[in-house]
Q: 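Have a look at this one before I ask anything.
Here, residue 1 is the first one in the sequence, and each next residue gets the next number. Only heavy atoms go into these numbers, but all of them, side chains included; no hydrogens, no water, no symmetry mates.
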Amino acid sequence: MSRVKLFINKLSSKNNEDNINDYVEYNPQNIENILVKFHRLHEQVCVMEKSLKNAENRSNYYEDLFIKFQTMFNDELTLFKQYKSHIFLLNQTLRENELFIKELDRELKDYFESSDHNNNEEDKEKFMSFKRIVLRFFHQNNLSKSMLKQKLIDLNENIERKNHLLEKLQDEISSFYNPSSPLKLQKNKIELKQAVG
């Protein structure tokens with residue numbers, strides 16, 4: 001019984017192989033079409049990889065640009081705070097000067113409204129008071145001037161630094177969107193060699 005089963009299985013497997021061979025045929029045109037399609041797909045994959053690489057480069061560039069803009073924005077905030085501090089100091093100096101003028105005016109009125117100017121001791125005291133006010137004013141004025149000068153120096157340094165960053169950023173942006181061609185670079189190298197050699 002087992003021999004019969006084996007024989008039947010052999011026959012059925014032979015029939016299956018014949019059936020499979022009927023479907024597979026050797027056609028050079030089909031192989032060529034498959035190779036052409038494979039080549040096209042390979043080119044598309046290469047183009048996609050290239051565009052992905054370009055997109056990744058642009059993404060990195062834009063992230064870097066964003067960080068630089070963020071730094072510049074923080075610099076602008078610092079400058080604004082410095083301007084605000086400078087204006088505050090100017091206002092404070094103006095208020096102190098107004099107070100000085102009022103105090104000086106009051107002292108002068110007291111001096112001239114006093115009935116007798118014959119008392120030398122009292123005159124000396126008023127003069128000393130007047131002198132103290134004037135000296136205090138000059139001292140405060142010198143202090144304010146030195147503080148304002150330092151604040152202006154700091155402001156100018158920060159403005160210069162910010163302007164330098166802006167120029168650098170503009171150069172980077174223009175070089176990113178308008179890259180110099182290798183021909184120009186090669187031409188410049190030749191001119192440099194000619195100039196030196």
Q: Do L166 and Y61 share a hydrophobic cluster (ILVMFWY, side-chain heavy atoms under 4.5 Å, transitive)?
A: yes
Q: Kindly compute the distance separating CZ (F69) from CD (E76), expressed to the nearest 0.5 Å.
A: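 Rounded to the nearest 0.5 Å, the CZ-CD separation comes to 11.5 Å.
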Q: Can you measure from CG (L35) to NE2 (H42) and round to the nearest 0.5 angstrom?
A: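 Nearest 0.5 Å value for the CG-NE2 distance: 13.0 Å.
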Q: How close do N97 and F137 get, counting heavy atoms only, and between which atoms?
A: OD1-CE1, 3.0 Å
Q: In Å and rounded to the nearest 0.5 Å, what is the CD to CE distance from E43 to M48?
A: 12.5 Å
Q: Any chance you could measure D171, atom CG, to E167, atom CD, to the nearest 0.5 Å?
A: 7.5 Å
Q: Looking at side-chain heavy atoms only, is the closest gap between K37 and I34 below 4.5 Å?
A: no
Q: Where do L79 and D75 land on the side chain to side chain contact (heavy atoms under 4.5 Å, CB included) test, with the steps shown first?
A: CA-CA 6 Å; L79 274 177; D75 287 348; 5.8 Å; no
Q: If Ile, Leu, Val, Met, Phe, Trp and Tyr residues are connected whenever their side-chain heavy atoms lie under 4.5 Å apart, and connections chain through other members, are L143 and L89 in the same group?
A: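 Unlinked, L143 and L89 end up in two clusters.
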Q: Taking side chain as C-beta onward, heavy atoms only, is N163 less than 4.5 Å from I159?
A: yes
Q: For S59 and A55, indicate whether the former's side chain and the latter's backbone hold a donor-acceptor pair under 3.5 Å.
A: no
Q: Side-chain contact test, heavy atoms from C-beta onward, threshold under 4.5 Å: evaluate it for H139 versus L135 and give yes or no.
A: no
Q: Can a side-chain donor-acceptor contact be found between E160 and N156 if the only test is distance below 3.5 angstrom?
A: no
Q: Backbone N or O of Q170 within a donor-acceptor pair of the S174 side chain at under 3.5 Å?
A: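 Judged by distance alone, yes, a pair lies under 3.5 Å.
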Q: To the nearest 0.5 angstrom, please state how far the CD atom of E172 sits from the CG atom of L165.
A: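 If I round to the nearest 0.5 Å, the distance is 9.5 Å.
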Q: Run the side chain to side chain contact (heavy atoms under 4.5 Å, CB included) test on M147 and Q92 for me, step by step, so that the C-alpha distance in whole Å, both residues' side-chain angles and the decisive distance to 0.1 Å come before the verdict.
A: CA-CA 12 Å; M147 286 172 62; Q92 184 179 358; 6.0 Å; no
Q: Can you name the nearest heavy-atom pair linking F88 to R95, along with the distance?
A: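 F88 and R95 have their closest heavy atoms at CE1-NH2, 4.3 Å.
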Q: Check this for me: F138, atom CZ, are more than 12 non-hydrogen atoms of other residues, nucleotides or ligands nearer than 6.0 Å?
A: no
Q: Whether the N158 and Q82 side chains hold a donor-acceptor pair (N or O, under 3.5 Å, no angle test) is what I'd like checked.
A: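 Distance-only check passes for N158 and Q82.
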